[in-house]
Amino acid sequence: MDGDHSEPPSVDVEIGTLHTTPPPLPSEYHGLLERAHRADLNDLFTRDFVRLAGTDRHGRPTFLLLGAHLPPATPENWDRVMQVIALLMDPIASSTPYTLVYVHTDLTAENQPPTRWLVRTYRMLPRFFKKNLKSL
């Protein structure tokens, strides 16, 4: 699920079904998911900064990311924010086209994501996150 998807899918000729084997996750993202499964993130979940909000007009799952609900911008918090996002979005974004709505209003200097964090996050995300994002 690294998103590389360089391996072609195999086809079962006898019954005509397509089988895909997801490639391995990139090590940084895999580490993030492992930390997320072990961490106590309840304080961040109560902030409700990311959630599955329903479906878009095409029936795709739609995630809502509320910038104003983000915690203060510290390196530790941003890693934990990514853990929450990965836990919530990975099961859907890894295999299904989805929509992401980002609400940037009411941000303060305290909780605005630094540009370097956004760039690092984008680079770290597996290809499937990018490929399956159909609307932003």
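Numbering starts at 1 and runs along the sequence shown.
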Peer 1: What residues form a side chain to side chain contact (heavy atoms under 4.5 Å, CB included) with Pro97, not counting sequence neighbours?
Peer 2: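 Applying side chain to side chain contact (heavy atoms under 4.5 Å, CB included) to Pro97 gives Arg60, Lys134.
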Peer 1: Hey, what do you get for CE (Met89) to CZ (Arg51), rounding to the nearest 0.5 Å?
Peer 2: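 It is 14.0 Å, given to the nearest 0.5 Å.
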Peer 1: For Arg123, check side chain to side chain contact (heavy atoms under 4.5 Å, CB included) against everything at least two apart and list the hits.
Peer 2: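 Residues passing side chain to side chain contact (heavy atoms under 4.5 Å, CB included) with Arg123: Val119.
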Peer 1: Any sub-3.5 Å donor-acceptor pair from Asn111's side-chain atoms to Ala68's backbone N or O?
Peer 2: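 Answer holds: yes.
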Peer 1: Check the pair Leu52, Thr62 against side-chain contact (heavy atoms from CB on, under 4.5 Å), reporting the backbone distance first and the verdict last.
Peer 2: CA-CA 6 Å; Leu52 185 58; Thr62 300; 5.7 Å; no
Peer 1: My understanding is that only residues two or more places apart in sequence, or in another chain, count here; which of them pass salt bridge (charged side-chain N to carboxylate O under 4.0 Å, His left out) with Asp106?
Peer 2: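 Salt bridge (charged side-chain N to carboxylate O under 4.0 Å, His left out) check on Asp106 returns nothing, list empty.
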Peer 1: Output, in order, the C-alpha distance, side-chain angles, deciding distance and verdict of side-chain contact (heavy atoms from CB on, under 4.5 Å) for Arg120 and Glu28.
Peer 2: CA-CA 11 Å; Arg120 179 182 162 261; Glu28 188 176 4; 2.8 Å; yes
Peer 1: Going hydrophobic residue to hydrophobic residue with side-chain gaps under 4.5 angstrom, can you get from Phe45 over to Leu33?
Peer 2: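 In one cluster: yes.
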Peer 1: Give me the atom names and distance for the closest heavy-atom approach of Asn77 to Pro72.
Peer 2: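 Closest pair (atom of Asn77, atom of Pro72, distance): ND2-O, 2.9 Å.
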Peer 1: One pair to check against side-chain contact (heavy atoms from CB on, under 4.5 Å): Val103 and Phe49. What are the steps and the verdict?
Peer 2: CA-CA 10 Å; Val103 181; Phe49 60 86; over 6 Å; no
Peer 1: Just to verify, what does Asp40 make a salt bridge (charged side-chain N to carboxylate O under 4.0 Å, His left out) with, not counting sequence neighbours?
Peer 2: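 Scan of Asp40 (salt bridge (charged side-chain N to carboxylate O under 4.0 Å, His left out), adjacent residues dropped) gives none.
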Peer 1: For Thr99 and Leu136, run side-chain contact (heavy atoms from CB on, under 4.5 Å): C-alpha distance rounded to whole Å, both residues' side-chain angles, the deciding distance at 0.1 Å, then the answer.
Peer 2: CA-CA 6 Å; Thr99 295; Leu136 177 62; over 6 Å; no
Peer 1: Do you know which two heavy atoms are closest between Leu65 and Leu100, and how far apart they sit?
Peer 2: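 So the minimum-distance heavy-atom pair works out to CB-CD1, 4.2 Å.
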Peer 1: Less than 4.5 Å apart, any side-chain heavy atom of Val50 and any of Leu66?
Peer 2: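 No. Closest side-chain heavy atoms not under 4.5 Å.
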Peer 1: Taking all atoms of both residues into account, what is the closest heavy-atom pair of Pro91 and Ser94, and its distance?
Peer 2: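 So the two residues come closest at O-OG, 3.6 Å.
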Peer 1: What heavy-atom pair brings Asp48 and His69 nearest, and what distance separates the two atoms?
Peer 2: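 In terms of heavy atoms, the two residues are closest at O-ND1, 3.4 Å.
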Peer 1: Who passes salt bridge (charged side-chain N to carboxylate O under 4.0 Å, His left out) against Arg47, sequence neighbours left out?
Peer 2: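 Partners of Arg47 by the salt bridge (charged side-chain N to carboxylate O under 4.0 Å, His left out) criterion come out as none, since no residue qualifies.
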Peer 1: Report yes or no: do Leu64 and Leu125 belong to one cluster of Ile/Leu/Val/Met/Phe/Trp/Tyr joined by side chain heavy-atom distances under 4.5 Å?
Peer 2: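 No, because Leu64 and Leu125 fall into different hydrophobic clusters, even though each may have its own neighbours under 4.5 Å.
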Peer 1: State, to 0.1 Å, how close Gly67 and Leu107 come at their nearest heavy-atom pair, and which atoms those are.
Peer 2: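 Shortest heavy-atom contact: O-CD2, 2.9 Å.
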Peer 1: Donor-acceptor pair, Thr96 side chain versus Ala93 backbone, under 3.5 Å?
Peer 2: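 No.
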Peer 1: So among Arg80, Met124, His37, which one has a side-chain contact (heavy atoms from CB on, under 4.5 Å) with Leu32?
Peer 2: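 The passing option is Met124.
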Peer 1: Could you note down all residue pairs passing ring pair (Phe, Tyr, Trp, His ring centres under 6.0 Å) where residues 73-105 supplies at least one of them, sequence neighbours left out?
Peer 2: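 Those involving residues 73-105 are Phe63-Tyr98, Trp78-Trp117, Tyr102-His104.
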